[in-house]
Amino acid sequence: MGSLFKNMMFRKNILIYFFVLSLIFNTPFVLADAIPIKKSDADDLLNPSKKIMYYEKERKDPYYIQKSQDKDIKNLNNIKVDETKIAKKNSDTIKVNYTTKANDRIISTSQRLISAIYPDDEVSLSNTYPGYRGPNQLVIYTRDFGRTTGTNEFGKEAVVIDGVVDKLTGANSNIPRNGFVISGHGSAKKWITDNLKIGTKVEIENRTITAYTTVDSYRYYAKSKINDVEDILVSTKSEYDSRDDKYIYYYLKRAKQQYKKSLKDNSNVSLNCAKEAINNASIAFRYTLPYLKDEIKGVWIRPTDNTIAGIQKTLDIIKDTGINNVFLETYYHGRTIYPSIVMKSYGFEEQNPDFKGIDTLGIWVKEAHKRGIKVHTWFESFYVGNRNPQLNPKSILAIKPQWQNKTKLKADYNGYVSHPQEHNGYFLDPANPEVTSFVLKLISEIITRYNVDGVNIDYVRYPNITRDNVSNQWGYTNFAREEFKKVYEIDPIEITPKDSLWDKWCEYRQDKITDYVQRASVIVRSKNIVFSAVVFPDYKVSLKTKNQDWVRWSELKYVDVLTPLILTSDDTLAKSMLEEIKKKTSDNVKVYPGLFAGFIESDPEDLLRQIHIIRKLKLKGVILFDWAHLSSNYLEVLKTSVFKPQTY
């Protein structure tokens with residue numbers, strides 16, 4: 001009864017508070033039901049049959065509460081609460097309060113309900129999402145959850161230290177000891193993008209997060225950028241003797257001057273000075289990394305142009321950006337971009353219909369070489385896309401259903417088995433010799449018919465396992481089960497992780513992938529071209545969840561290059577990933593990290609920070625993922641200095 005009374009009083013007070021604000025600022029009185037959300041309520045919010053009602057109107061997004069914006073808000077400056085503190089509340093939440101400083105001014109506020117707080121909230125066994133962050137969820141991760149959030153690249157995250165957003169990242173962020181990470185997918189990702197900036201103040205109470213962007217937020221961001229420029233200048237002083245620093249110091253000086261002016265008061269003039277300081281520091285930062293001639297500057301690209309003119313135009317832009325290696329997606333979703341004799345011989349679609357009537361690969365190779373750009377075929381080995389095979393009678397699995405990969409749970413299922421966390425896609429069975437023979441024939445066809453400069457194999461693995469749940473393990477196909485049983489006299493479907501033969505079952509699948517890599521290596525290297533493989537950077541996780549033993553490939557010299565996927569814009573985490581990769585990779589194997597700053601829509605300067613780390617580790621190259629997500633702001637940053645020589 002006491003708890004109920006407190007909830008009623010809380011609702012009454014919060015309603016009065018926002019009603020007064022609506023009178024002060026002449027804004028609509030729009031507020032969600034402010035009852036604190038319990039753990040059990042989080043799932044209800046995702047249930048379309050249960051709706052949250054609003055006092056004036058109902059919003060489509062059930063998590064969104066209220067947002068106010070006014071450049072001249074002054075009255076909120078009198079709000080006084082405790083200084084930022086982080087504490088567990090009732091063992092299932094955290095509480096963060098923020099005090100607005102006397103010389104600060106709130107520019108905008110926004111609130112959103114929290115879907116989950118980890119590790120305090122229990123995780124359902126049915127939750128197989130990376131980091132346990134589901135669709136449209138906003139999740140808080142504290143350090144007790146682990147070192148990183150473990151989320152995938154389809155979201156947005158903010159690292160909060162002492163109640164202030166210190167860093168914006170895309171995925172799998174380091175969780176600070178003196179703070180937490182806010183992570184969002186879908187509508188929650190949009191909320192983070194729209195409302196959280198570096199320097200934004202954050203308050204958490206009653207399972208609700210409130211973001212305050214103030215004048216001081218912009219000062220914080222400006223100072224952070226200025227520090228970044230000065231730090232990188234110090235760390236690269238001895239490395240770039242030939243770098244012309246005049247632009248760096250010119251814009252850095254202007255940034256410092258504007259920042260100093262912004263400290264005067266909280267007026268719009270000071271706000272604009274802080275914004276100018278941010279802009280000037282950003283420009284200075286872009287000049288800190290000079291062009292290096294012998295560096296691989298690559299990009300993964302899925303072709304969309306189906307005319308010669310369109311391909312030429314795209315390559316002209318690529319050339320102008322300073323990119324010198326293109327990793328062209330040639331075989332993807334079980335289709336080729338060129339008319340394939342091999343595909344036709346199996347009765348499969350001869351060519352992706354989007355490119356029918358044009359030899360896309362041939363044109364790309366010819367036109368790229370004219371511009372001094374190398375072409376590597378980007379090749380999806382065991383992934384055949386997410387279109388149901390029943391919808392296309394000439395698809396690979398429609399004709400060869402026995403080739404598909406299966407989970408333990410659906411080992412005896414007669415239909416098609418897709419992976420819910422891998423784009424609902426379908427996979428081929430690496431253990432089936434018919435499958436590997438077919439895939440290797442495609443690789444051989446490509447390098448025989450076209451003058452490509454390399455082959456970059458992707459999806460060189462089993463489908464991802466997201467939890468220690470044996471039923472969603474992959475590889476339980478008829479062929480694999482029979483072959484394993486002949487050697488060990490037991491069907492692997494009967495083996496559990498506690499059994500002595502479990503390691504043998506894991507090794508069986510790992511060996512199938514490694515065998516494929518070795519055979520592909522022999523074929524590709526017969527043409528004296530570069531053979532590279534896409535891998536996941538955390539070796540132990542890669543081995544356990546994907547049966548991908550890239551350390552062994554490196555030790556046995558099966559590959560020339562590893563292209564690890566750095567699925568984060570958190571530079572601290574990226575650095576630790578790259579250091580581990582370098583340590584575990586043989587000296588004779590090169591590493592060209594794949595950077596996802598564009599894909600996860602992070603700040604273009606995050607891309608430069610990661611390139612800086614790569615250069616410090618002397619890895620000699622980068623590949624950007626991917627061309628479709630490199631908007632003009634990324635291209636302009638790359639052209640400023642790091643990918644092209646400076647021009648005056």
Side-chain angles (χ1 to χ4, degrees), residues 10-11 13-37 52 54-57 59 61-86 94-115 138 140 156 158-166 168 179-180 182 184 187-221 266-268 270-271 274-275:
F10 173 81
R11 293 182 64 186
N13 291 339
I14 199 73
L15 289 172
I16 293 172
Y17 172 76
F18 277 96
F19 179 73
V20 172
L21 289 184
S22 70
L23 294 176
I24 294 172
F25 304 122
N26 192 28
T27 56
F29 181 47
V30 182
L31 183 67
D33 194 335
I35 297 176
I37 301 174
I52 298 177
Y54 295 78
Y55 288 90
E56 183 177 288
K57 60 182 180 180
R59 296 184 183 271
D61 183 353
Y63 291 108
Y64 182 90
I65 296 184
Q66 186 262 359
K67 181 177 179 180
S68 62
Q69 285 190 322
D70 192 312
K71 291 185 177 180
D72 296 310
I73 294 177
K74 297 178 181 178
N75 305 70
L76 290 181
N77 291 340
N78 295 321
I79 298 175
K80 290 185 178 180
V81 291
D82 293 339
E83 284 294 332
T84 304
K85 293 179 181 178
I86 300 175
I94 60 175
K95 183 176 180 180
V96 180
N97 291 332
Y98 176 74
T99 297
T100 307
K101 297 178 181 179
N103 65 337
D104 200 5
R105 173 166 63 93
I106 294 176
I107 298 169
S108 67
T109 66
S110 184
Q111 290 183 315
R112 187 178 173 97
L113 300 179
I114 297 168
S115 310
L138 187 136
I140 304 296
K156 187 83 172 179
V159 179
V160 179
I161 296 177
D162 295 331
V164 180
V165 175
D166 186 69
L168 291 171
F180 52 92
I182 306 167
S187 63
K189 172 185 176 180
K190 186 177 187 304
W191 183 85
I192 292 173
T193 301
D194 292 345
N195 299 290
L196 300 186
K197 301 174 176 60
I198 292 177
T200 295
K201 284 65 168 158
V202 173
E203 182 176 84
I204 295 178
E205 191 167 11
N206 297 308
R207 310 280 297 195
T208 298
I209 184 169
T210 305
Y212 300 92
T213 298
T214 72
V215 176
D216 202 45
S217 299
Y218 286 91
R219 297 187 188 107
Y220 184 100
Y221 192 17
N266 61 358
S267 66
N268 284 342
S270 294
L271 174 62
K275 291 179 178 179

Student: For Thr200, check side-chain contact (heavy atoms from CB on, under 4.5 Å) against everything at least two apart and list the hits.
Tutor: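 If we apply the side-chain contact (heavy atoms from CB on, under 4.5 Å) test to Thr200, skipping adjacent residues, the hits are Val165, Leu196, Lys197, Ala211, Thr213.
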Student: How long is the gap from NZ on Lys201 to OG1 on Thr210, to the nearest 0.5 Å?
Tutor: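 The OG1 atom of Thr210 is 14.5 Å from NZ of Lys201, to the nearest 0.5 Å.
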Student: Could you measure the distance from the OG atom of Ser108 to the OH atom of Tyr212? Nearest 0.5 Å is fine.
Tutor: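 If I round to the nearest 0.5 Å, the distance is 11.5 Å.
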Student: Which heavy-atom pair separates Val215 from Ile107 by the least distance, and what is that distance?
Tutor: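 Taking Val215 first and Ile107 second, the nearest heavy atoms are N-CD1, 3.7 Å.
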Student: What I'd like to find out is whether the side chain of Arg112 reaches to under 4.5 Å of the side chain of Asn195, using heavy atoms alone.
Tutor: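 They are not in contact (no side-chain heavy atoms under 4.5 Å apart), so the answer is no.
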Student: Taking all atoms of both residues into account, what is the closest heavy-atom pair of Trp191 and Gln111, and its distance?
Tutor: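 Residues Trp191 and Gln111, closest heavy atoms: NE1-O, 3.6 Å.
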Student: Specify the closest pair of heavy atoms between Ala274 and Arg219, including all atoms of both residues, with the distance to one decimal.
Tutor: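 Closest heavy-atom pair between Ala274 and Arg219: CB-N, 4.1 Å.
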Student: Can you measure from CG (Asp216) to CG (Asn266) and round to the nearest 0.5 angstrom?
Tutor: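 Asp216 atom CG to Asn266 atom CG measures 10.0 Å (nearest 0.5 Å).
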Student: Distance from Ile192 atom CD1 to Ser110 atom OG, nearest 0.5 Å?
Tutor: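 Going from CD1 on Ile192 over to OG on Ser110, the span is 11.0 Å.
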Student: Who pairs with Tyr220 by side-chain contact (heavy atoms from CB on, under 4.5 Å), at least two apart in sequence or on another chain?
Tutor: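 Listed in chain order: Val164, Asp166, Ile198.
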Student: Going from NZ on Lys275 to CG on Asn268, what distance comes out if it is rounded to the nearest 0.5 angstrom?
Tutor: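 Between Lys275 NZ and Asn268 CG, I get 8.0 Å after rounding to 0.5 Å.
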Student: Distance check, rounded to the nearest 0.5 Å: Ile106 atom CD1 versus Thr214 atom OG1?
Tutor: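 Atom-to-atom, Ile106:CD1 and Thr214:OG1 are 7.5 Å apart.
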Student: Does a side-chain heavy-atom distance below 4.5 Å link Leu138 with Ile182?
Tutor: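 Leu138 reaches Ile182 side chain to side chain.
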